[in-house]
There are 2 protein chains.
Amino acid sequence: MTPTDRRKRTPAKINSNPAVVTDLVIFTVIESDLKVLLIQRDTPPFRGTWALPSNELRVRHDGDQGEDIEDAARRTFQDATGLSVDHCHMKQLHTFGRAGRDPRMRVISVAWYALLRPSLATQASPTKEGAPFQWFSVSEEAPWMRLAFDHAEILALGAERIAQTIEDSNLAYTLAPHIFTVAELQSVYEATQHRKWDPRNFRRRFQRMVDDGTIVESPGKRHRGKARPASVWRFAENSFVPTLNKSSG
Amino acid sequence: MTPTDRRKRTPAKINSNPAVVTDLVIFTVIESDLKVLLIQRDTPPFRGTWALPSNELRVRHDGDQGEDIEDAARRTFQDATGLSVDHCHMKQLHTFGRAGRDPRMRVISVAWYALLRPSLATQASPTKEGAPFQWFSVSEEAPWMRLAFDHAEILALGAERIAQTIEDSNLAYTLAPHIFTVAELQSVYEATQHRKWDPRNFRRRFQRMVDDGTIVESPGKRHRGKARPASVWRFAENSFVPTLNKSSG
DNA sequence: ACAAAAGTGTTCGGGTTACACCCATGT
DNA sequence: ACATGGGTGTAACCCGAACACTTTTGT
């Protein structure tokens, strides 16, 4: 904390502070495929290219100092999806601050990732009228090779992080339907972890979550085609985790 | 990225951007104890209290845009220790941006942790003449209950993160003497992980690092008091890892 | 001889991997 | 009967946890 003598070091110039934005990597799993929400830019620079949802941090220098950085992330989420951040897991990813990452001016981006249930994802739509948006497949690299700014780098880090997160937590519930079969949950793990699971090995992991009460069986069966019906399950509410947190999980 | 229309949203006001600083949690291990480098503030607010080393990000709005955020962290490290960041591991921790965390103005802090070999740590001294600094024990909570700003929170997160990092990587080499005994390396693990290791279990882990070439035996023996001499070891240079990186390890 | 620290082995439980076949249903 | 997807068991290996005694040296 050394802005003590800012006036001395930075020769009194209007706005010698950087802009601060929150960029969001909003993930969901649709049709066994990891998707990310992108919005098409309608202003330069990078007009017409796809970008992560983003907002500038609101700052006041009078009275209160504006919004917490977490609130800016929440707001960005709401602007991008039209949804409340409740029951959606969101966590800080990394802060990107390379000089020149925005050609217009100095911008520091605090990037977050969010995990959105598919049932909500299909309802998502930016609050800004007419903003073109789309869920892109993360594994088909085509579009995100050319994202605006350094967003491809941010997305890549998010995709890496989510794999680890799903591996060491129960957070898959944030990407699963409320009611699901074992195979459906397996496909969530496979999509987020960028790998295949053996069905027997996956069921052992699944069974552990049943044993410790994370997952409970749900009444009824799921019929698919002319095949044996599958049991259905749901996550126990008490296994849910705070929406926004900073722990290292 | 939406500073497109900043002028519309924030009623044209001088400096409506937040200040951005880099705060460093610089760790070392001295006498089997995890230490953190703190500097006593000589200006308000929190004049006289201990704080993490910090610097404001250098921003220009003409030509180049100033320094990368990583460079600001490096510079903060150099100012705080007088040392180059080479052979010292440094990684981004978290970005803290609560409104009001600095009473003077809106400040966003990008926090990093750094791991410094004890041999260098004892030579460390802020480049700023006469700045009071000290290595504080992290486990004796006394001082850091009253750190400036939210630095206690930052330090706590750093201490949590380092435990995990040492657990899943070879990064202990950044906190070990160049030449060390098994017991000495064990004490590095114990200090950083806030727990005790059984000597036999630790040696098994140690042996794995020997087997995969991370650690190699060093000629000679270490004599301590009237006891059996210990073999000495060193980390193989090729097990070193880039100084500054963003991967999730 | 004794004090001091170095060094050593085994058992158990749990997790991960790899791997191939039978079951229940609809048509 | 057959096609479809649901469901299952075992062996090998690695890892972490718990636990107590012998060895080598200096004095």
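Since the structure is predicted, the reported quantities are computational estimates derived from the model, not experimental observations. Excluded from the calculations below are hydrogen atoms, water molecules and symmetry mates; all remaining heavy atoms, backbone and side chain alike, are included.
Here B:Arg234 does not pair with B:Glu217 in a salt bridge; the nearest charged N to carboxylate O distance is not below 4.0 Å. Using a cutoff of 4.0 Å between basic side-chain nitrogens and carboxylate oxygens, A:Asp71 and A:Arg74 are scored as salt-bridged. Between A:Glu153 and A:Arg101 there is no salt bridge, since no side-chain nitrogen of the basic residue lies less than 4.0 Å from a carboxylate oxygen of the acidic one. Salt-bridge annotation for A:Glu70 and B:Arg98: absent, with no side-chain N of the basic residue lying under 4.0 Å from a carboxylate O of the acidic one.
Remark: P of D:dG16 and CD of B:Gln193 are 10 Å apart, rounded to the nearest angstrom. One can place CZ of A:Phe202 at 14 Å from C1' of D:dG6, the figure rounded to the nearest angstrom. Residue B:Asn201 contributes atom CG, which lies 9 Å from atom P of D:dG16 at whole-angstrom precision. The NZ-P distance, from B:Lys196 to D:dA17, rounds to 15 Å in whole Å. A straight line from CZ of A:Arg203 to P of D:dT10 spans 16 Å, rounded to a whole angstrom. Look at CZ on B:Phe206: it is 17 Å from P on D:dC15, rounded to the nearest Å. When rounded to the nearest whole Å, the span between CZ of A:Arg204 and P of D:dG9 equals 11 Å. The CZ atom of A:Phe180 sits 21 Å away from the P atom of D:dG5 (whole-angstrom rounding).
With A:Ser109 as the partner, the side-chain hydrogen bond (donor to acceptor under 3.5 Å, both in side chains) test is satisfied by one option alone out of A:Thr95, A:Asp23, A:Asp150: A:Asp23. Of the candidates B:Phe240, B:Phe206, B:Phe180, B:Phe235 forms a ring pair (Phe, Tyr, Trp, His ring centres under 6.0 Å) with just one, namely B:Phe180.
In this model, the phosphate group of D:dA17 is approached by a side-chain N or O of B:Arg195 to a distance below 4.0 Å at OP1 or OP2.
Between chain A and DNA chain C, the heavy-atom contact criterion of under 4.0 Å yields a 5' to 3' nucleotide range of C:dG15 to C:dG26.
Only B:Lys226, B:Ala227, B:Arg228, B:Pro229, B:Ala230, B:Ser231, listed by number, bring a heavy atom of residues 217-235 of chain B to less than 4.0 angstrom from any atom of DNA chain C.
Within the nucleic acid shown, A:Arg208 comes within 4.0 Å of sugar-phosphate atoms alone, with no base atom in reach, counting heavy atoms only.
Mapping A:Ala183 and B:Glu167 onto DNA chain D via the closest heavy atom, the residue that lands nearer the 5' end is A:Ala183.
In this structure B:Ser125 satisfies the side chain to side chain contact (heavy atoms under 4.5 Å, CB included) test together with B:Phe133, sequence neighbours excluded.
In this structure, B:Phe149 and B:His151 have tilted ring planes: the angle between them lies in the 30° to 60° band.
The distance from atom OH of A:Tyr113 to atom OG1 of A:Thr165, rounded to the nearest 0.5 Å, is 3.5 Å.
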